[in-house]
Structure formats: structure tokens, C-alpha cells
Amino acid sequence: GWSDAPRGPYPKAGMAEDLLAALDQLGVERAWVAAHDWGGLAGSILALRNPERVAGFAGFNTVAPWLKVDGAGLRHAPAFLYQYPLAAPVIGPRLIGGPSQGYLRWLESWVGGGYRWPETDAEFYLGRWRDPARAHAGSQWYRTFLVSEWLPWARGEYDGVRGEVPMRWVTGASDPVITPLMHRGYEEHASDIAFE
């Protein structure tokens with residue numbers, strides 16, 4: 001299992017440590033990382049902490065742990081409030097895996113600017129979250145970020161860490177949560193970086 005996988009040199013890396021353990025378990029020495037949403041946070045931290053294991057990084061509607069806590073960032077903070085119900089014990093797994101999955105369907109419409117998936121596509125994705133173990137894991141993912149990872153990032157844990165691998169960021173112009181505002185100052189942290 002994952003708990004038996006070799007661990008990297010950063011015992012408190014959280015989600016990125018999980019990715020490193022997966023690479024170790026699979027015997028992958030170096031990988032290109034393309035990631036979306038939470039996977040982008042974990043992937044970018046993996047690239048920052050273990051650049052010898054990452055050939056390049058592409059993040060799609062995601063951010064790195066280089067947070068700017070300033071007026072513009074604080075005004076944008078309410079866009080992230082949707083995460084708290086998902087992270088809540090008992091409530092979060094029910095919202096994620098309940099029969100109607102109304103909260104997830106609302107989120108899909110909200111972040112998609114009103115776009116609605118065809119029902120067959122929605123069912124393909126959402127149906128997997130009805131598994132109680134997956135719903136619990138999804139809720140735990142949010143809780144891990146909110147409880148143990150976000151505050152150190154906001155306090156500048158990664159301020160002095162430079163990206164040593166090529167980094168690309170692709171952000172949807174209409175996404176209400178991850179906006180180009182979130183990428184302010186990234187150029188200071190990596191020499192080979194681009195935005196689309």
C-alpha cells in the first residue's frame with residue numbers, strides 16, 4: 001500500500017508527499033506533471049521540493065503555493081468559501097457522495113459559467129464519487145488543505161523557493177475561483193515560466 005512506499009526528504013509535504021510516494025511505488029524516476037485544481041497544488045509543490053523528479057509542470061486552472069496575501073487577494077477570498085462545507089466532517093462526504101450530489105452539480109455550473117455537462121458526462125464523473133470511500137477521501141483532501149497546508153503557504157513557506165523546472169499555467173478567463181489574479185508575482189519564483 002501507499003504507506004509502505006518510500007518517502008521523500010520532506011515529511012510534512014502533505015499532498016505532494018503522496019505524489020512522490022506514488023512515483024516511488026510505480027518506479028518512476030522522473031515525470032512530466034500536468035495537473036488541474038488540487039492536483040496542481042500537489043504537482044507544483046512536488047516540482048518545487050523535488051525538481052530532480054519532475055521534468056516540467058503544466059497547471060490547468062490551479063495555483064502554486066506562492067500566495068499573495070494583500071488587498072486584491074483578500075477581496076478574492078470569498079470565492080473559496082465553497083470549500084468549507086466540502087471539508088466538514090460528516091457533511092462533506094454527504095455533499096460529495098449523496099444520491100443527488102446537488103452541491104457538486106451547483107459547483108460544476110458555477111465554475112463553468114453556467115455550462116452544464118451532458119448528463120452522461122456528469123454521471124460518468126459524479127457516479128464515482130458516490131462510493132463512500134471516495135466521498136470521504138474527497139472531503140479529507142479539502143480538510144487537509146484547509147487545516148494543515150494553507151496557513152503555512154500564506155505565511156510565506158514557499159516565498160524563497162524557486163521553480164527549477166519549466167512551468168506553464170493555463171487559466172480559464174471566466175473561472176470565478178482560479179483567476180489570473182491568483183498568479184500575480186509567479187515570475188519572481190521561476191525563470192522558465194509562462195501563462196496562457
Side-chain angles (χ1 to χ4, degrees), residues 1-26 28 31 33-51 53-54 57-69 73-74 76-98 101 103-104 106-108 110-111 125-126 128-159 161 163 167 169 175-178 182-183 189:
W2 296 117
S3 61
D4 301 329
R7 295 303 202 184
Y10 298 95
K12 294 183 179 180
M15 297 181 286
E17 183 186 42
D18 292 343
L19 282 180
L20 184 61
L23 291 177
D24 289 343
Q25 186 77 16
L26 295 169
V28 175
V33 177
H36 165 71
D37 200 40
W38 289 112
L41 286 165
S44 65
I45 292 172
L46 176 69
L48 293 173
R49 289 191 164 203
N50 301 93
R53 302 294 300 273
V54 178
F57 172 82
F60 299 88
N61 278 59
T62 189
V63 295
W66 299 312
L67 300 179
K68 276 198 180 257
V69 182
L74 292 173
H76 187 64
F80 293 90
L81 291 177
Y82 75 91
Q83 297 176 0
Y84 290 90
L86 294 172
V90 181
I91 295 168
R94 287 183 183 165
L95 290 174
I96 293 169
Q101 295 174 304
Y103 194 75
L104 293 184
W106 168 77
L107 278 175
E108 169 255 320
W110 176 54
V111 298
Y125 177 75
L126 296 174
R128 279 138 184 87
W129 287 106
R130 287 190 206 106
D131 175 338
R134 289 180 176 154
H136 177 74
S139 180
Q140 289 283 66
W141 194 261
Y142 279 92
R143 193 170 318 133
T144 295
F145 171 69
L146 294 171
V147 170
S148 64
E149 299 198 21
W150 180 85
L151 193 54
W153 300 350
R155 288 182 178 153
E157 178 180 359
Y158 289 90
D159 284 357
V161 181
M167 302 183 98
W169 302 91
D175 188 317
V177 180
I178 304 299
M182 304 298 295
H183 301 131
H189 297 284

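Computed from a predicted model, the values in this text were never measured in an experiment.
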Taking all non-hydrogen atoms of both residues into account, name the closest pair between [X] and [Y] and its distance.
X      : Y      : answer
Arg53  : Leu20  : NH1-CD1, 3.4 Å
Trp66  : Gly163 : CZ2-N, 4.3 Å
Asp159 : His189 : O-CE1, 3.1 Å
Ala42  : Ala16  : O-CB, 3.5 Å
Leu23  : Ala31  : CD2-CB, 4.1 Å
Ser139 : Pro93  : OG-CD, 3.5 Å

>> Is there a side chain to side chain contact (heavy atoms under 4.5 Å, CB included) between Thr62 and Trp169? Walk through the geometry before answering.
In response: CA-CA 8 Å; Thr62 189; Trp169 302 91; 3.8 Å; yes
>> Is there a side chain to side chain contact (heavy atoms under 4.5 Å, CB included) between Leu104 and Tyr125? Walk through the geometry before answering.
In response: CA-CA 11 Å; Leu104 293 184; Tyr125 177 75; 5.7 Å; no
> What do you reckon, is CZ of Arg155 surrounded by more than 12 foreign heavy atoms closer than 6.0 Å?
Replying inline: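 Atom CZ in Arg155 is not packed in, count stays at 12 or less.
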> Which class fits the ring pair Tyr82 and Trp110: parallel under 30°, tilted 30 to 60°, perpendicular over 60°?
Replying inline: perpendicular
> Side-chain donor-acceptor pair under 3.5 Å between Tyr158 and Arg49, yes or no?
Replying inline: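 Yes, side-chain donor-acceptor contact under 3.5 Å.
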>> Quick one, Phe57 with Leu46, criterion side chain to side chain contact (heavy atoms under 4.5 Å, CB included). Give me CA distance, side-chain angles, the key distance, then yes/no.
In response: CA-CA 10 Å; Phe57 172 82; Leu46 176 69; over 6 Å; no
So, [X] side chain and [Y] main chain: donor-acceptor pair closer than 3.5 Å or not?
X      : Y     : result
His183 : Ala64 : no
His136 : Gly92 : no
His36  : Phe60 : yes

> Going through the distances and angles, do Trp141 and Gln83 end up as a side chain to side chain contact (heavy atoms under 4.5 Å, CB included)?
Replying inline: CA-CA 10 Å; Trp141 194 261; Gln83 297 176 0; over 6 Å; no
